[in-house]
Amino acid sequence: MKHVSIAIDGPAGAGKSTLARALARQLGYLYVDTGAIYRTVALRALRAGADPEDPAQVVPLLEGLDLAMDYGPDGEQRMFLEGEDVSQAIREHRISGLASKVSAIPQVRDFLLDFQRRQAREHDVVMDGRDIGTVVLPQADVKIFLTAAPEARARRRLLELRQRGQEADLDTVLRDIVQRDYDDEHRPVAPLRQAEGAVRLDTTQLNLEQSLQSLSSLVKERLQQ
Ligand code: DC
């Protein structure tokens with residue numbers, strides 16, 4: 001049986017994970033956060049003391065990489081590295097930049113491709129990331145490019161970090177977001193861009209509830225076509 005897939009791509013802090021998770025819940029689909037997978041590889045590189053920008057140091061770590069993903073009793077996606085639940089550890093601010101760096105290495109992307117596609121083969125999914133509509137699931141039933149102005153994204157990210165008890169200031173978060181956008185958009189392999197056939201949703205002026213409403217009606221409308 002063919003499963004339904006919804007691809008949501010966009011820059012850091014556009015609200016992808018919150019909205020994708022909520023949409024998946026509404027539809028009864030599995031939510032797959034692919035950023036978490038890259039973050040887990042970044043954590044492995046960090047722990048190994050590897051330079052995340054140096055393929056010669058990162059690529060050998062892929063062989064024998066013990067990475068797993070499942071869903072907890074609360075339905076939340078969990079990431080495991082060598083059997084250890086690293087779902088919290090990968091949310092640290094410094095992991096964001098490292099994940100962006102390891103994700104620019106073509107062998108890392110290749111290595112994770114099948115892992116991601118398997119989820120969509122086996123389940124109805126809402127999958128979010130940077131290249132889901134362009135590379136991972138180009139045949140997705142619905143493709144969304146979710147974006148917002150950098151300042152709005154920085155404010156949201158700051159709030160999220162503070163809610164997790166992490167200290168950060170707006171200038172630093174904004175600078176990191178602009179840098180990460182640049183890196184994600186300019187890498188030679190699978191750069192962040194709007195996929196062909198994707199619908200663009202800009203949430204700068206929308207709160208969470210309004211964003212979810214727009215996203216949800218957009219997706220439902222397209223699923224019926
Ligand atoms: O969505 P996130 O902030 O958790 O993602 C962390 C980094 O991982 C992001 O800066 C780029 C990379 N990434 C990617 O290259 N492709 C994806 N599908 C998801 C994330």
Side-chain angles (χ1 to χ4, degrees), residues 5-21 24 31-46 52-53 55 58 62 67 69 76-79 81 86-120 125-138 140 143-148 150 153-154 156-161 164 166 168 172-195 198 203:
S5 50
I6 296 165
I8 302 186
D9 292 302
K16 290 190 303 291
S17 53
T18 310
L19 292 170
R21 182 186 287 107
Y31 165 52
V32 183
D33 169 4
T34 64
I37 309 173
Y38 285 94
R39 285 169 180 270
T40 306
V41 175
L43 182 65
R44 175 74 187 98
L46 176 72
E53 284 181 283
V58 175
L62 297 174
L67 179 149
M69 184 179 125
E76 287 292 304
Q77 177 179 325
R78 299 185 299 197
M79 295 305 305
L81 182 60
V86 294
S87 313
Q88 294 302 320
I90 58 170
R91 295 296 152 198
E92 266 183 49
H93 187 55
R94 64 180 171 161
I95 299 291
S96 306
L98 295 178
S100 181
K101 294 199 162 68
V102 297
S103 75
I105 300 175
Q107 292 93 328
V108 170
R109 305 203 70 83
D110 265 2
F111 180 83
L112 296 180
L113 198 54
D114 198 53
F115 189 87
Q116 299 170 82
R117 284 185 177 155
R118 198 179 327 134
Q119 307 302 321
V125 293
V126 176
M127 191 178 283
D128 82 3
R130 302 294 188 286
D131 63 338
I132 309 307
T134 52
V135 177
V136 181
L137 305 174
K143 300 184 202 176
I144 306 285
F145 192 78
L146 197 69
T147 189
R153 292 189 278 123
R156 292 175 193 167
R157 208 11 90 90
L158 183 69
L159 207 68
E160 203 178 289
L161 288 168
R164 279 200 217 110
Q166 295 181 40
T172 311
V173 175
L174 178 59
R175 206 181 48 231
D176 289 353
I177 276 191
V178 170
Q179 180 66 48
R180 208 139 67 91
D181 285 356
Y182 184 88
D183 291 345
D184 292 346
E185 285 163 4
H186 290 83
R187 66 180 175 218
V189 186
L192 170 66
R193 62 176 174 80
Q194 185 169 341
T203 65

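Everything numeric here is computed off the predicted structure, so don't read it as measured data. Every number for a ligand or one of its atoms is a count from 1 in the order of the listing.
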message: As a test of reading the model: which residues have a non-hydrogen atom less than 4.0 Å away from ligand 1?
response: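 Protein residues near ligand 1 are T34, G35, Y38, R39, A99, S100, S103, R109, G129, R130, D131, I132, R180, D184, R187.
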task: Could you point out which residue of R130, K101, R193 forms a salt bridge (charged side-chain N to carboxylate O under 4.0 Å, His left out) with D184?
output: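 Only one of R130, K101, R193 forms a salt bridge (charged side-chain N to carboxylate O under 4.0 Å, His left out) with D184, namely R130.
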task: With sequence neighbours left out, write down each residue that passes side chain to side chain donor-acceptor pair (under 3.5 Å) with E92, or none if nothing qualifies.
output: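 Counting only residues at least two positions away or on another chain, E92 forms a side chain to side chain donor-acceptor pair (under 3.5 Å) with R94.
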- prompt: What residues, two or more places apart in sequence or in another chain, satisfy side chain to side chain donor-acceptor pair (under 3.5 Å) together with R175?
  reply: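 For R175 there are no side chain to side chain donor-acceptor pair (under 3.5 Å) partners, ignoring immediate neighbours.
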Side-chain heavy-atom pair Q77, Q119 within 4.5 angstrom cut-off: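 No, side chains not in contact.
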message: Once side-chain contact (heavy atoms from CB on, under 4.5 Å) is applied, do any residues pair with Q116, and if so which ones, sequence neighbours excluded?
response: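 For Q116, the residues satisfying side-chain contact (heavy atoms from CB on, under 4.5 Å) (neighbours in sequence not counted) are T34, I37, Y38, L112, M127, I132, V136.
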- request: Considering non-hydrogen atoms only, spot the tightest contact between L158 and A168 and give its length.
  value: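 Looks like CD1-O, 3.3 Å.
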